[in-house]
Protein chains: 4
Amino acid sequence: MPLQPVRIGLIGCGRIGRVHALSVTAAPGAVLTTVVDAVPAAAESLGELHGARVAATPAEVLASADVDAVIIASPTATHVDLIDAAIDAGKPALCEKPIDLDIARVEALRGKASAATTPIMLGFNRRFDPHFATLHARVAAGEIGRLEQLSIISRDPAPAPTDYLAVSGGIFRDMTIHDFDMARHFVPDVVSVFASGTAQFSEDIRGLGDYDSAVVVLTGREGQQVTITNSRHAAYGYDQRLEAFGSEGLLEAGNVTDTVVRRWTADAVEVREPYQNFFLERYAAAYQRELAAFVAAIREDAPVPVGFHDGWAALVLADAAARSAAEGRVVEVDLDA
Amino acid sequence: MPLQPVRIGLIGCGRIGRVHALSVTAAPGAVLTTVVDAVPAAAESLGELHGARVAATPAEVLASADVDAVIIASPTATHVDLIDAAIDAGKPALCEKPIDLDIARVEALRGKASAATTPIMLGFNRRFDPHFATLHARVAAGEIGRLEQLSIISRDPAPAPTDYLAVSGGIFRDMTIHDFDMARHFVPDVVSVFASGTAQFSEDIRGLGDYDSAVVVLTGREGQQVTITNSRHAAYGYDQRLEAFGSEGLLEAGNVTDTVVRRWTADAVEVREPYQNFFLERYAAAYQRELAAFVAAIREDAPVPVGFHDGWAALVLADAAARSAAEGRVVEVDLDA
Amino acid sequence: MPLQPVRIGLIGCGRIGRVHALSVTAAPGAVLTTVVDAVPAAAESLGELHGARVAATPAEVLASADVDAVIIASPTATHVDLIDAAIDAGKPALCEKPIDLDIARVEALRGKASAATTPIMLGFNRRFDPHFATLHARVAAGEIGRLEQLSIISRDPAPAPTDYLAVSGGIFRDMTIHDFDMARHFVPDVVSVFASGTAQFSEDIRGLGDYDSAVVVLTGREGQQVTITNSRHAAYGYDQRLEAFGSEGLLEAGNVTDTVVRRWTADAVEVREPYQNFFLERYAAAYQRELAAFVAAIREDAPVPVGFHDGWAALVLADAAARSAAEGRVVEVDLDA
Amino acid sequence: MPLQPVRIGLIGCGRIGRVHALSVTAAPGAVLTTVVDAVPAAAESLGELHGARVAATPAEVLASADVDAVIIASPTATHVDLIDAAIDAGKPALCEKPIDLDIARVEALRGKASAATTPIMLGFNRRFDPHFATLHARVAAGEIGRLEQLSIISRDPAPAPTDYLAVSGGIFRDMTIHDFDMARHFVPDVVSVFASGTAQFSEDIRGLGDYDSAVVVLTGREGQQVTITNSRHAAYGYDQRLEAFGSEGLLEAGNVTDTVVRRWTADAVEVREPYQNFFLERYAAAYQRELAAFVAAIREDAPVPVGFHDGWAALVLADAAARSAAEGRVVEVDLDA
């Protein structure tokens, strides 16, 4: 007997919610049945597009008999309560990162989340990017021996609007959070954090007391070194790279273009296409594979590949980075606590 | 009112038929309703996989009320008759290349095919490869000025079985046929053909009186030069490249890998992943886009992007190449005839 | 006892003569003692620059006691007589290509040249380019198994002045001549030639009855295929590439830049430096290594690496190409004759 | 009147001394007249090779009438005294890095060195590498706008012998010292240092209390961030790279090969040649250009491009890095002191 598709309720119909709706519709094993948003018009238009019912509240979604699992793509401040409610409702949830900007709120839910049998998956999509996933698999297979140094370069094309940045929690919680998770994907047992932040080019960001440029050095339990380089802008587009150095070699995943076409003209030679820009394009496949992993975990009753603990750990590292940058010293962390 | 999906009947359930079945199932605007194959078991297993009915004969498929269009993926020798029947049935057809190995049979149908209003599309899938299509579009947009020289490199990983090669029509009709169409995609008005073939490494191929290596030089009406380089083997995998040289520059499409990961180890540096191997992998996207183009032409009542004339022209060039290689001289062709 | 430097007399102080003068001065084992040119001022200024005596005639150079060997860099029409005189004088000669534009004059000297014990070296500098020489050595070492197909791409940045082209002997004797020699460097036993030439972009060249674009296909005794692609212009600079395909792989030598620096900006990513432009820059190292090979052959009483026979063979191929292009047929050649 | 060559006395005939001797002999404007070494046989063999007189002591070299300038390539512990003596003798000196491992000894000479009119140049050869120098010049020319982040990757093929490492002063003073100078070449006004060191793979190095892996983050006065990544080993060879990120783009200088040849075989595609290995090969051109710059500064009575202050500053940064790594905190520096 063929498996029934997993019926998905989507909470939050903004930009990232619409990405998830598309992934659900395209996935062979999932179907979007219900949507909800604080802005009813957003829910209605998305529901119409995908043939999904519009619910009045997230609670209604969680209580629906035709919803097997939910995707939480609503504002960050709602995540903790919705995860809590999903656990109570026994509905598997895929929640966008971060869990919350306030570690205290995350800590408060941590015991319950770790005890829960309901799958709670965190939306660290980059783990599912085919390029990074392949690099990770090849490191895991021992192709470069023992991993010693990892370099993560992550630069946005341009800063988000200042209004957004003002409530973003700062560069470490908003932007580097992805890189902290990627670091832990390779080196789970991070024991210390050093971070340096400067505001070099944006008066707006400086005015917020935030950084537009950051470098982070993480140290693993066995001495591994992870370097993260961030900038809120990059003239040449979205810059997303990994470089893993091990005792027997190096693996690199550079930037991605749509095709392999290159050009030679009088002004420039060997020019590749512009990079995929921005995260919706660059990580389109990652979002689809993330959803597939969520569906597979539900169907196979298997652990989710990225869980609540990972969301908590990334936030612990972000908080430590903020403190390190402010105090000019290494901050030790205990991710086994 | 949303468009109804185009209901497809598939004639031929071999390797390439199964590729088309997958494309149809994945396409938003098409549905596979009927399949047929000379080997009933092949049709039955594919029909079951895709939820399609099994017909007894191609004629039954063409006569079915729930078949809006057909894909002809049966052996080459059946193509002419099936195209003929599709025209009679008024059913749009996407037919695998080549139309036939015998130009006389193709000529016999040519008048009828060109007069027909039923869309007849030829399966020159490489035109739809995203890399080559992008390169073509950029040439067409004038990025390198006037096109002066085009280099097509096309090498298979290894020769097909000798049994297959014995009835393949020879390297020019079997393998180079794709490159002839690609040449005409850039330079439609080819006026002369020179070809050189040698059997350098395969005693089997030499025994068949065929070539395992070939170089072809085509000349366009305005003096453009197209060079095709073929080999029936390549130690490093499927080698599929284009290089377009124009008055203002050059565009290149090199080989394709699944990801951008590269490695550095003691034995080799900057090593990319193995190339996508073989055509089912390398041209997976091309087959899907080809099907999408067929469906779009039907729905929009628009001309098919590759038609019977193109299938005929490729075969004319293949015949001319065989003659040129045998006689050691340039063979003129008239593709406007 | 350290070896005495080889004392060089330079016949011809034009552009290429000045390159050779520089090579001699820079070489540890050679010294420029004498120069001569039909234009006395040219000889005088070059002589002053390098501290060399100015002779009145080539014959005086050949007769000089302080000249151990000569470099013939005078106009092509003088080469045959000067080689002849160098043999008579027993002075080793490095002669610029081509030996002559008229094969009959070359044939007339051939017997004497092949019988001579005086080293006569032909200036096919590209054999000495470090990139091409390395590729050649790796092919010779068997790294890609048996060589099956060789692609030579050779495009100039822009056409030479029409006055020059008018007396150049045509594209095959003037430009492709280098590629014919490179072809023979890999596949000495060429047995047939096909050539296609068109005038696509230059009305001047068309007016001369010459071609601005050419494709040549050479066939080796064992079926190897060599493709040469020429253009008299290239918007992106001097395009000089080799690609050797063998039974076990492929080796490529692409274009050369001064440094490995690449740039990423808003308009273009992964842009390399402009290519070295033109032959004086691109082949600077080749000229020096060529001179070193000449000096080494003299000192070690060893055969020159490129001799009169090679100069003759290249011209035979050029003539065959001209005939092939005119007649639209393969022209057979016998380089063992 | 042509310039007389600068007559050079070489103090120290070990590995790096021999490199300098070669550079002097190859330079048009310099001649090696005198050599000296604590091991007389070393001086004698090098003197014989280059036709230079052997002196008994460095003092004799400095006092020689036929010595216009000296190169100090003796052990590090002798540098301070020899620079001091060179100033007293009024003889320009090119001194190998570091000035000393003990900042106190460097400080003691600092006032005298900065007041001296005798050119004292420090041997930070990498500034003269053509690739890095080109990248630096393009940054300086504004090609990528304002420099915001610089990444320096520097990995040795394998650790030096433990005996050497034991007296090397530690990774920051011995290896990173080059990178500190490169950092200052781009961002002279470094204001703070963070360093992280671990011993991940070498028990020997761990036993010395030293690090085999290091990451350093420097901050410039205007917030620029420089990241240095070091390892004492790299399976794929000498890894020497720069990446400069600015407000308008990025410039990269990757690793260097002898030729542009790449290979494709069954086991690996697009493989470049092994990297130039080790510093004598990779920086061969840099040593020659460094010598040329020294000679030019003497002849033109111009400031040396890298002076005593730079040697001092690099050591200040190395000391700060050692302290930072030990204490887990940012160390502020004042390079204007």
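Worth saying up front: this structure is predicted, and the values here are computed from it rather than measured. So that the names make sense, note that chain A is the first sequence line, chain B the second, and so on, each numbered from 1.
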Segment of B/V217 engaging chain C (4.5 angstrom heavy-atom cut-off): side chain

Is a salt bridge present between C/D179 and C/R126, judged by a nitrogen-to-oxygen distance below 4.0 Å? yes

Need one label for C/E327: side chain, backbone, both or neither, based on atoms under 4.5 Å from any heavy atom in chain B. neither

Against chain B, label C/T219 side chain, backbone, both or neither, depending on which of its atoms sit under 4.5 Å from a heavy atom there. side chain

Report the residue from C/N255, C/D156, C/V256 that forms a side chain to side chain contact (heavy atoms under 4.5 Å, CB included) with C/Y238. C/D156

Part of C/S247 within contact of chain B (heavy atom distance under 4.5 Å): both

Could you check whether C/R232 pairs with C/D204 (Lys NZ or Arg NE/NH1/NH2 to Asp/Glu carboxylate O, under 4.0 Å)? no

Using a 4.5 angstrom heavy-atom cutoff, name the option from C/Y236, C/F201, C/F194 with the most pairs to chain B. C/F194

For a quick test of reading the model, state the closest non-hydrogen atom pair linking C/F132 to C/M182 and the distance between them. CD1-CE, 3.6 Å

Between B/Q149 and C/S231, does any side-chain donor sit less than 3.5 Å from a side-chain acceptor? no

Best-contacting candidate, B/Q224, B/E332, B/H233, against chain C by heavy atom pairs under 4.5 angstrom: B/H233

Pair B/R241-B/H131, side-chain contact (heavy atoms from CB on, under 4.5 Å): steps then yes or no: CA-CA 10 Å; B/R241 291 179 276 158; B/H131 309 279; over 6 Å; no

Residue among B/V331, B/T227, B/L250, B/D239 with most heavy-atom pairs under 4.5 Å to chain C: B/L250

Counting heavy-atom pairs under 4.5 Å with chain B, which one of C/E148, C/E248, C/E222 comes out on top? C/E148

Could you tell me whether the side chains of B/Y211 and B/N230 share a donor-acceptor contact shorter than 3.5 Å? no

In terms of heavy-atom proximity below 4.5 Å to chain B, should C/L147 be classed as side chain, backbone, both, or neither? backbone

Find the one option among B/G246, B/S192, B/S196 whose heavy-atom pairs under 4.5 Å with chain C are most numerous. B/S196

Checking heavy atoms, do the side chain of C/I153, its backbone, both or neither come under 4.5 Å from chain B? side chain

Verdict with reasoning, C/T265 to C/D267, per side-chain hydrogen bond (donor to acceptor under 3.5 Å, both in side chains): CA-CA 5 Å; C/T265 45; C/D267 60 315; 2.7 Å; yes

Below 4.5 Å from any heavy atom of chain B, which atoms of C/F245 appear? Answer side chain, backbone, both or neither. side chain

Under 4.5 Å from any heavy atom of chain B - which part of C/A199: neither

Are any of the side-chain nitrogens in B/R289 or B/D129 under 4.0 Å away from the carboxylate oxygens of its partner? no

